[in-house]
Amino acid sequence: MSIRLGNSCGNCENLVESNVCKVHGVKVGSSYTCDSFEMKVALKDKENCVSCARYETSDCANPQKAAPGMSCAHWAPLSASA
Ligand code: SF4
Ligand code: SF4
């Protein structure tokens, strides 16, 4: 299974104050994830190839189509923060 960057706790709707997960009730970090992950709605406004960690790298899923203003399901954040 490939390593995924886009669905960490830092980008999850269930992360609340003090880095606590409201689903599990424990502190989590940006390197964690789980099956209850829900992408933060606010982050979706920033999703485009320029803000994607895979842009102009060999990890880009659509290197022939990647461009500013475009995005795809393989978008990944430049850095995950919690
Ligand atoms: S543990 Fe799961 S549900 Fe909780 S913040 Fe992380 S990804 Fe979201
Ligand atoms: S095409 Fe997809 S993977 Fe490639 S840079 Fe754009 S959003 Fe990222």
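Both counts, for ligands and for their atoms, begin at 1 and track the order of listing.
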Sorted by chain and number, sequence neighbours left out, side-chain hydrogen bond (donor to acceptor under 3.5 Å, both in side chains) with S36 holds for none
Q. Counting N and O atoms only, with roles assigned by atom type, does the side chain of W75 sit under 3.5 Å from a partner on the main chain of N48, one being a donor and the other an acceptor?
A. yes
Rounded to the nearest 0.5 angstrom, the CZ-SG distance for F37 and C12 is 5.5 Å
(message) Determine whether a donor-acceptor pair (N or O, by modelled atom type, separation under 3.5 Å) exists between the side chain of R54 and the backbone of A76.
(response) no
Between the CE atom in M39 and the OG atom in S8, the distance rounded to the nearest 0.5 Å is 8.5 Å
Backbone of G10 reached by a side-chain donor or acceptor of S30 within 3.5 Å: no
Connected to V16, directly or through other members, by ILVMFWY side-chain contacts below 4.5 Å are V20
Protein-side N, O or S atoms sitting under 2.8 Å from atom 4 (Fe) of ligand 2 are C60 SG
**Asked** Just by modelled atom types, is the N7 backbone N or O under 3.5 Å from a matching donor or acceptor in the T33 side chain?
**Response** yes
Here the gap from S18 atom OG to K27 atom NZ, rounded to the nearest 0.5 Å, amounts to 5.5 Å
A correct count of protein N/O/S atoms found below 2.8 Å of atom 2 (Fe) of ligand 1 gives 1
